[in-house]
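All remarks here apply to the structure that follows.
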Number of protein chains: 2
Amino acid sequence: MASKDPQVLLRKGPLEPRIDRDLFEPPYYQLANILRRQIATGELRPGDRVASEVQLCERYAVSPMTARRALTILLDEGLVTAARGRGTFVKPMVLGTASFGLGALEELFNGEHTLVRFLSVKTMPATARISQRLEVPVDDRIIAIRRLLLRDAAPVAYHREYVIFDPARPIIEAEMGITSLQGLFQGSGETVLKRGDLGIQTTVLTEEEARLLEAPIGSAAFRVEHTFFDFDEQPVSWGWFIVRGDCLRFNATVGVQSPAASGR
Amino acid sequence: MASKDPQVLLRKGPLEPRIDRDLFEPPYYQLANILRRQIATGELRPGDRVASEVQLCERYAVSPMTARRALTILLDEGLVTAARGRGTFVKPMVLGTASFGLGALEELFNGEHTLVRFLSVKTMPATARISQRLEVPVDDRIIAIRRLLLRDAAPVAYHREYVIFDPARPIIEAEMGITSLQGLFQGSGETVLKRGDLGIQTTVLTEEEARLLEAPIGSAAFRVEHTFFDFDEQPVSWGWFIVRGDCLRFNATVGVQSPAASGR
DNA sequence: TAGTGGTCTAGACCACTTA
DNA sequence: AAGTGGTCTAGACCACTAG
């Protein structure tokens with residue numbers, strides 16, 4: 001649509017942004033930003049066709065790969081869809097494509113004033129549920145860890161974790177180190193863990209949780225469950241965080257980011 | 001580490017996977033899978049250096065761009081980090097990189113058996129809070145919508161939304177169409193909405209919410225707040241979903257996906 | 001048949017790191 | 001100085017879509 005506009009086709013110099021090759025930003029990045037801005041300002045609306053690769057090459061004097069790379073960025077960001085043989089089109093805002101990260105949780109844990117207090121570390125026989133999650137026989141000895149996370153001396157999260165106890169696998173210590181939480185988020189150098197499954201649910205505080213978190217019973221809280229696997233695809237650790245609901249909020253954006261030109 | 005292994009350096013034929021050019025999967029994709037599998041099996045461990053681009057070119061007989069593209073995929077997936085002048089290295093599993101999609105929410109709403117029931121649609125003067133969120137004067141007339149989402153006739157979510165009412169801007173109807181929720185997730189063709197901000201919190205059901213959702217007062221629930229903006233960067237709609245906690249769970253995986261070779 | 005995106009080639013130069 | 005990733009060039013062929 002916008003590409004059929006005579007102004008655009010005639011390419012009136014001063015109106016058209018250019019690629020500045022002396023800039024710090026590489027050309028593919030500048031071009032991606034130009035297109036992103038056109039989408040953001042509504043110059044290109046959902047459903048409109050974006051200029052084809054060849055057109056972009058001519059218009060901005062870049063090589064095909066550079067134009068393509070810019071389009072790929074928008075594609076990855078979910079701002080456009082590409083249809084072979086037809087063209088590239090601006091996507092309407094789709095809620096389902098939004099995603100949020102654990103950044104909010106990480107901040108909660110990695111802040112300057114955050115402290116981890118071990119409440120208990122002991123071995124115990126696996127209950128039915130634990131044996132199921134860790135794929136070990138019932139009554140196998142496992143390690144149970146309870147931690148409290150405090151920020152500015154105020155409790156924000158309660159962590160329970162069950163770790164496989166296998167003298168043949170010297171995982172325990174490593175695991176203990178990793179799950180001391182500093183490393184969990186930042187990536188603690190060498191790790192025996194290959195993969196983790198995470199789930200976020202809501203819950204209300206039980207009596208025990210309420211007492212530890214110094215919040216009323218029945219308060220809203222997040223429950224972040226995690227299962228970690230080693231390189232043999234064996235579960236190594238299962239546990240969950242109970243985070244006070246008033247301390248955590250996950251954010252996401254869908255559509256075009258407003259001012260910032262944040263790369264991936 | 002693994003790349004210093006003589007076996008690998010000597011490149012014993014049968015052990016080394018090859019790129020099959022007759023396959024449906026393009027070479028860059030095959031190569032990415034080969035490397036991903038090496039990471040998954042532990043052949044390449046966190047901290048290990050991945051073969052350099054040139055090495056990959058020689059070893060698998062592909063062009064630099066193809067090797068690079070495979071590495072870029074792993075880079076985007078967060079499996080490796082690249083350091084100019086040093087090499088590409090396998091990243092340890094990092095929790096902070098986990099990303100949760102709103103697919104779970106979408107499924108909840110877009111299922112076959114999902115029904116939207118309007119509870120009320122009316123105009124009202126903006127309260128202080130509404131005026132703040134929608135950036136309109138207090139007591140400006142706005143539209144208030146209350147909806148109930150039912151899945152298999154069972155209520156799963158309660159939706160409240162406040163929409164700007166401006167006769168000059170024919171947004172209302174379009175907005176009404178969009179926010180009838182079918183379109184919100186799927187992307188309803190042409191849209192006046194440019195951007196949306198989302199926030200996810202936990203809460204417990206109030207008396208009203210509990211009644212509508214047919215769940216006990218004080219049950220755990222998600223609160224998904226949303227603000228939508230038009231192409232003038234003006235807020236157009238503010239509202240939130242209250243979703244029964246037992247109907248929704250966000251999932252994510254961090255590290256290497258186990259068996260599937262899922263592309264982006 | 002012409003245009004499009006998807007993929008690929010076979011190089012190149014640069015900035016950076018390491019030795 | 002050698003090796004690395006980051007970027008870019010100037011093409012190419014293919015499968016697909018649309019007129």
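Because the structure is predicted, anything quoted here is derived from the model rather than measured. Residue numbers begin at 1 in each chain, while the letters A, B, ... track the order of the sequences.
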List the atom of A/Ala32, the atom of A/Leu74, and the distance in Å for their closest heavy-atom pair.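 Of all heavy-atom pairs spanning A/Ala32 and A/Leu74, the closest is O-CD2, 3.9 Å.
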For the residue pair B/His226 and B/Phe241, what are the closest heavy atoms and their distance?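 Closest approach of B/His226 to B/Phe241: CD2-CE1, 3.6 Å.
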Taking only Lys NZ, Arg NE, NH1 and NH2, and the carboxylate oxygens of Asp or Glu, determine whether A/Glu43 and A/Arg37 approach each other closer than 4.0 Å.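 Between A/Arg37 and A/Glu43 there is no salt bridge, as every charged N stays at least 4.0 Å from the carboxylate O atoms.
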Find the partner of D/dG19: check Watson-Crick (N1-N3 plus N6-O4 or O6-N4) and G-U wobble (N1-O2, O6-N3) distances, both under 3.5 Å, and reply none if neither fits.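 With both distances under 3.5 Å required, D/dG19 matches none.
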May I have the distance from [X] (atom [atom1]) to [N] (atom [atom2]), rounded to whole angstrom?
X	N	atom1	atom2	answer
A/Tyr60	D/dT9	OH	P	15 Å
A/Met65	C/dG11	CE	C1'	13 Å
A/Ile73	D/dG6	CD1	C1'	13 Å
A/Gln55	C/dG5	CD	C1'	13 Å
B/Glu58	D/dT4	CD	C1'	14 Å
B/Gln30	C/dT7	CD	C1'	13 Å
A/Leu71	C/dG5	CG	C1'	9 Å
B/Leu35	D/dG5	CG	C1'	15 Å

N or O in side chain of [X] less than 4.0 angstrom from [N] OP1/OP2:
X	N	result
B/Arg84	D/dT7	no
A/Thr88	C/dG5	yes
A/Arg68	C/dG6	yes
A/Thr66	D/dT7	no
A/Ser52	C/dT4	yes
A/Arg69	D/dT7	yes

Does the ring centre of A/Phe250 sit less than 6.0 Å away from the ring centre of B/Phe250?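 No, too far apart.
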[X] side chain: which of [options] is closest?
X	options	value
A/Arg86	D/dT7, D/dT17, D/dA10	D/dT17
B/Ala82	D/dG6, C/dG5, C/dA10	D/dG6
A/Glu53	C/dG5, C/dG11, D/dT9	C/dG5
B/Pro64	C/dG11, D/dT7, D/dT4	C/dG11

Select from A/Tyr28 and B/Ala83 the residue whose nearest nucleotide in DNA chain D is closer to the 5' end of that strand.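 Between the two, 5'-proximity favours B/Ala83.
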A/Gly87 vs B/Ala61, nearer the 5' end of DNA chain C by closest nucleotide: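 Nearest nucleotide further toward 5': that of A/Gly87.
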Decide yes or no for B/Tyr60 and B/Thr66: does some side-chain heavy atom of the first lie under 4.5 Å from some side-chain heavy atom of the second?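 Side-chain contact under 4.5 Å: no.
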Please check if the side chain of B/Asp230 supplies one atom and the backbone of B/Asp232 the other of a donor-acceptor pair under 3.5 Å.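 Confirmed, B/Asp230 side chain pairs with B/Asp232 backbone.
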